[in-house]
Amino acid sequence: MLQVSVLKEHTDAVLAGLAKKHYKTAEADVQAILALDQRRKDLQTAHDSAQAEANELARQIGGLMKRGDKAGAETLKARTAELKQQTKAHADELSQVELALQQTLYKLPNLPHSSVPEGRTAQDNEVVREVGQQPTLHAGAQPHWELIKKYDIIDFDLGVKITGAGFPVYKNQGARLQRALINFFLDEARDAGYVEIQPPVMVNEASGYGTGQLPDKEGQMYHDAQDNLFLIPTAEVPITNLYRDEIVPPEKLPIRNAGYTPCFRREAGSWGADVRGLNRLHQFDKVEIVQVALPEQSYTQLEEMLAHIEGLLQKLQLPYRVLRLCGGDMGFTSALTYDLEVWSAAQGRWLEVSSCSNFETYQANRLKLRYRTENGKTQLLHTLNGSALALPRIVAALLENNQQEDGIHLPEALHSYCGFSKIG
């Protein structure tokens, strides 16, 4: 959530940033926020003034009563009653204005970092670098949705039977490969200094608002209406919310956490090769890395996180590229996002497997996540997160890129985790 002070002091820069993200109602919403904030201040001043006058009259009434001036006391009591009605009216309107202000602030996306390129769609994203050589497959090579049938390692039909489309059943070497990748990613995160967290996979509404999934992505989240809980779309949500309403001592920063969770998203479901097989699912496994950092350190930490994710892809021997997302393709809450994509040899295209983002103060403002400076003032921290990594498309690329006529030969980094070196 953007800070009102930033909107007020840097209105033109805010409007330019929102334009870069192609936010259509920026001018109207920013003006509405500034007007609501001024009304809030006016109401608070009027409320406090009436309350102060009422307190002073109460003191005077006591003195008049002691002197036996009942008539004077009654006159002041009548005025006190008027002031009481005023303060209640002010308080009621103030509550409404504060709610309207918060709801309008929730509508605004985060402002993009100065390095974010202009653009509207994924075609406008900037390729930062491309690493690794794309493999040449043997004649008769197949996409992963055919390979999983051939080697009986994932069953989509069983998933449809017990749940619905987008909920695959992993079995045999497929189930073991899933477990191996999760453990590999978690061990690598621990070696890089991340503390492992196993959070709940359902969160309350406050947590959804805290990291910006609500109200922006409400329709994409599975919701239990009876208890008003949401299945998480990523471990970022519960792990970042560990620090909601906290003042973190600077000496404990940066905070580095990593966690494995299943993730749930309702957005899957369109047709075509882009969503076949493991390309897009309603439920999938992911290891997430999350950091909380001082503002002056957060972009250094972002590059550290990016290097960590690249290291995973290099150990898995997957060709990949790093993209800097343009303004129109960025997430709602992000100030700067790098996407990492692996090459899918049988499909002949790039598959996104990670997003690594700096949210600057946007989430921290919602979370009230702060630190205390040397002069004793509290300031907002920066939050960051990255997929390290999301499994489905990693599995798809591993299967397709490593297929040979005698089976699928897995990278050496996974041999000890899997207990086998080849599928088939």
Side-chain angles (χ1 to χ4, degrees), residues 132-161 163-182 184-185 262-263 265 267-287 309 312-321 339-354 387-415 417-424:
Q133 187 170 355
Q134 297 173 9
T136 301
L137 301 181
H138 65 277
Q142 297 176 305
H144 71 272
W145 53 83
E146 298 297 341
L147 294 171
I148 63 177
K149 294 178 184 177
K150 179 179 179 180
Y151 295 109
D152 193 27
I153 54 175
I154 303 173
D155 197 316
F156 284 94
D157 292 335
L158 283 178
V160 171
K161 177 181 179 180
T163 306
F167 295 88
V169 172
Y170 298 85
K171 58 183 181 178
N172 302 324
Q173 287 181 302
R176 294 172 67 185
L177 176 60
Q178 285 284 109
R179 179 158 49 90
L181 283 166
I182 292 166
F184 170 63
F185 293 151
C263 303
R265 299 183 185 179
E267 61 189 353
S270 56
W271 297 93
D274 286 357
V275 296
R276 282 193 75 176
L278 297 169
N279 287 342
R280 188 172 297 173
L281 302 173
H282 287 304
Q283 178 181 332
F284 59 95
D285 293 316
K286 182 154 66 84
V287 172
I309 299 166
L312 298 176
L313 295 174
Q314 291 165 14
K315 289 181 179 180
L316 293 177
Q317 300 171 12
L318 291 172
Y320 69 91
R321 66 179 184 178
D339 268 8
L340 292 95
E341 300 178 335
V342 296
W343 179 250
S344 172
Q347 298 179 67
R349 66 189 189 95
W350 295 99
L351 303 176
E352 180 197 334
V353 294
S354 176
S387 311
L389 287 155
L391 270 67
R393 294 171 187 167
I394 289 289
V395 171
L398 285 172
L399 297 178
E400 294 183 2
N401 294 7
N402 295 294
Q403 60 180 302
Q404 298 181 25
E405 293 182 358
D406 65 336
I408 299 167
H409 294 254
L410 297 175
E412 185 176 351
L414 294 179
H415 292 180
Y417 285 94
C418 289
F420 54 85
S421 61
K422 186 180 76 169
I423 294 175

Heavy-atom side-chain proximity of F167 to L281 below 4.5 angstrom | no
Is a donor on one side and an acceptor on the other found under 3.5 Å between the side chain of H409 and the backbone of N402?
-> no
What is the distance from atom CD of E405 to atom NE2 of H138, rounded to the nearest 0.5 Å?
-> 5.0 Å
Do the charged groups of D155 and K149 touch, with an N to O distance under 4.0 Å?
-> no
Hey, mind stepping through Q142 and Q403 against side chain to side chain donor-acceptor pair (under 3.5 Å) and telling me if it holds?
-> CA-CA 8 Å; Q142 297 176 305; Q403 60 180 302; over 6 Å; no
If you look at every heavy atom in G277 and W145, which pair is closest and at what distance?
-> CA-CB, 4.2 Å
Give the C-alpha distance, both sets of side-chain angles, the deciding distance and a yes or no for side chain to side chain contact (heavy atoms under 4.5 Å, CB included) between I148 and E146.
-> CA-CA 6 Å; I148 63 177; E146 298 297 341; over 6 Å; no
Distance-only, no hydrogens or angles: does the E412 side chain make a donor-acceptor pair with backbone N or O of S421 under 3.5 Å?
-> no
Donor-acceptor pair, R393 side chain versus V353 backbone, under 3.5 Å?
-> no
Kindly compute the distance separating CG (L147) from CD (E400), expressed to the nearest 0.5 Å.
-> 7.0 Å
State which residue, out of I182, I394, L181, L389, fulfils the side chain to side chain contact (heavy atoms under 4.5 Å, CB included) condition with D285.
-> I182
Interatomic distance, CZ@R179 vs OH@Y417, rounded to 0.5 Å, equals 12.5 Å
Could you tell me which non-hydrogen atom of V169 sits nearest to which non-hydrogen atom of G159, and how far apart they are?
-> CG2-N, 3.7 Å
Taking everything shown except K161 itself, do over 12 heavy atoms lie less than 6.0 Å from its NZ?
-> no
R176 side chain vs C418 backbone, donor-acceptor pair below 3.5 Å | yes
To the nearest 0.5 Å, what is the distance between OH (Y170) and CD (Q178)?
-> 4.5 Å
Donor-acceptor side-chain pairing of N279 and Q347 below 3.5 angstrom = yes
Heavy-atom closest pair, residues Q173 and G424 | OE1-N, 3.3 Å
Backbone of S354 reached by a side-chain donor or acceptor of S387 within 3.5 Å | no
Heavy-atom closest contact (F184 atom, K315 atom, distance) | CZ-CB, 4.0 Å
Under 3.5 Å: donor-acceptor pair, side chain of H144, backbone of V395 | no
Value for CG (L399) from CG (L177), rounded to nearest 0.5 Å, stands at 7.0 Å
Checking N401 side chain against A345 main chain: does a donor-acceptor pair fall under 3.5 Å?
-> yes
Any side-chain heavy atom of K422 within less than 4.5 Å of one from D406?
-> yes
Quick one: pull up CD1 in I423 and CG in D152 and give me the separation to the nearest 0.5 Å.
-> 11.5 Å
Indicate the atoms forming the closest heavy-atom contact of P319 with W350, along with that distance.
-> O-CZ3, 3.9 Å
Test F185 against L316 for side chain to side chain contact (heavy atoms under 4.5 Å, CB included), laying out the working first.
-> CA-CA 11 Å; F185 293 151; L316 293 177; 4.0 Å; yes
If you look at every heavy atom in P135 and W343, which pair is closest and at what distance?
-> CD-CD1, 4.0 Å
